[in-house]
Amino acid sequence: MPLPKAELHLHIEGTLEPELAFALAERNGVPLPYADTEELRKAYLFDDLQSFLDLYYGLMAVLRTEADFEDLADAYLARAAAQGVRHAEIFFDPQAHTARGIPFATVVEGLGRALDRSEERHGVSTRLIMCFLRDQSAESAMATLEAAKPHLDRIIGVGLDSAEVGHPPSKFAAVYEAAGVLGLRKVAHAGEEGPAAYVREALDVLGVERIDHGLRCVEDPELVERLVRDRVPLTLCPLSNVRLRAVDILEQHPLPRMMAAGLLCTINSDDPAYFGGYVDDTFHAVHEALGIGPEGLRELARNSFEAAFLDGGPEEEALRARYLAEVAAYEFD
Ligand code: HPA
Ligand code: ZN
């Protein structure tokens, strides 16, 4: 049985496995520029974030109907459950779909159908976070927040993703402020390829509660001190960092140093269909490559539930306490 954990940094579109991509392409009559799944997998050699994003957005063409989004999310939840995930806070990229003419409602209702059944079918509690594409305009982000308004019963927060460098958090100050007024939680990708200064901006200008990635905070000791003091969770994604060349090899990932510094680190899979592993695979990989032992892995799992947005009243706090008890009682073999 795998270690129980929460997954807090997972793009649902990044769980589109080649087999499902081909099945949906056939179901929807969408041509794919690859002969088969093997040829598609061969395209997964990325130089950086942008080269990944080009493929990631391209392959989304197969996602067209509510049933497609439902199937995508259900497949992820089944895999996540098998990897010990007990709670998942799932990102989606509405603009990547509305720009292709797919209505916001199709995306959120399709995902929602799978999420509604998740506890019963997979034993995984879920939340949904919509991300703004930072390489699109601030106006487009605001229009997306507007489009989300009829669906806020399904969405707990906002995030910020896509090409980071040149698109600082401050570009989205107004939309984050508006999201806050609506009672939405706030997270943002920062310090993946962009500098530590973007992590500061995400905290100071956007008021985020967690930083997605945050890897490059290690370049700024004062920032590290602040993140430790304020217990700001970081949702790190070590396998993603290797595939997108933020670090050269997993053995050089700063995770052990970051944990030793007292940062509230979590590890996550980001876009597991593209980066060679789901979240328990990531736990195994950091154990093997970085020598993080059982108590370090238990700390990462505990952090994942402590950083989860499970603070909306006694029922959620009870759920968090139950998950933390499972982590404490877990026996490694
Ligand atoms: N970084 C930025 N944007 C993304 C990512 C990522 O790792 N995955 C999907 N969109
Ligand atoms: Zn991400």
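On a predicted model such as this, the values are computed, not experimentally measured, just so you know. Computed over heavy atoms, backbone and side chain alike; hydrogens, waters and symmetry mates excluded. When a ligand or atom number is given, it counts from 1 through the structure's own listing order. Numbering starts at 1 and runs along the sequence shown.
At a cut-off of 3.5 Å, with distance as the only test, no side-chain donor of Asn303 or Thr266 sits close to an acceptor on the other residue. Judged purely by distance below 3.5 Å, without hydrogens or angles, the side chains of Asp280 and His284 pair a donor atom with an acceptor atom. If you check the side chains of Tyr323 and Ser304, you find no donor sitting under 3.5 Å from an acceptor. Thr65 and Asp68 form a side-chain donor-acceptor contact under 3.5 Å, judged by distance and modelled atom types alone.
The nearest N, O or S atom of Cys237 is not closer to the Zn ion (ligand 2) than 2.8 Å. Residue contacts to the Zn ion (ligand 2): His213 brings no N, O or S atom closer than 2.8 Å.
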Requested in this report: Could you please spell out the steps behind the ring pair (Phe, Tyr, Trp, His ring centres under 6.0 Å) verdict for His287 and Phe332?
Outcome: CA-CA 12 Å; His287 171 66; Phe332 289 89; 8.5 Å; no
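Nearest to the Zn ion (ligand 2), among the N, O or S atoms that Asp270 has, is OD1. In terms of distance to the Zn ion (ligand 2), the nearest N, O or S atom of His11 is named NE2.
With hydrogens and angles disregarded, no donor-acceptor distance shorter than 3.5 Å links the side chain of Arg216 to the backbone of Val199.
Vertex the Zn ion (ligand 2); arms to His189 NE2 and His9 NE2; angle rounded to 10 degrees, 90°.
Residue Asp271 has at least one N or O atom closer than 3.5 Å to an N or O atom of ligand 1. Residue Asp93 has no N or O atom closer than 3.5 Å to an N or O atom of ligand 1. Taking distance alone, with nitrogen or oxygen atoms compared against 3.5 Å, Asp270 approaches ligand 1 more closely than that limit. Considering backbone and side-chain N/O of His9, none are found under 3.5 Å from N/O of ligand 1.
For an aromatic pair to be called close, the ring centres must be under 6.0 Å apart, and Tyr56 with Phe52 satisfies this. Ring-centre distance between His97 and Phe69: below the 6.0 Å cut-off.
Shown are Asn268, Ile211, Ile267; of these, the side-chain contact (heavy atoms from CB on, under 4.5 Å) with His9 is made only by Asn268.
Taking the ring centre of Phe309 as origin, the terminal cationic atom of Arg210 falls inside the region bounded by 6.0 Å and 45° from the ring axis.
Below 4.0 Å from some heavy atom of Glu192 lie the following atoms of ligand 1, by number and element: 1 (N), 2 (C), 6 (C), 7 (O). Near Phe52, meaning under 4.0 Å from one of its heavy atoms, ligand 1 places the atoms 8 (N), 9 (C). Less than 4.0 angstrom separates some heavy atom of Leu53 from each of these atoms of ligand 1: 4 (C), 10 (N). For ligand 1 and His213, the ligand atoms under 4.0 Å from any heavy atom of the residue are 7 (O).
No part of Phe91 comes within 4.0 Å of ligand 1, judged by heavy-atom distances. Within the 4.0 Å heavy-atom criterion, the part of His189 lying near ligand 1 is the side chain and not the backbone.
For atom 5 (C) of ligand 1, the nearest protein heavy atom (residue, atom name, distance) is His11 NE2, 3.6 Å.
The pair Lys42-Glu39 fails the salt-bridge criterion, with no side-chain N (NZ, NE, NH1 or NH2) lying under 4.0 Å from an Asp/Glu carboxylate O.
Using 4.0 Å as the threshold, Ser162 has a heavy atom nearer than that to some atom of ligand 1.
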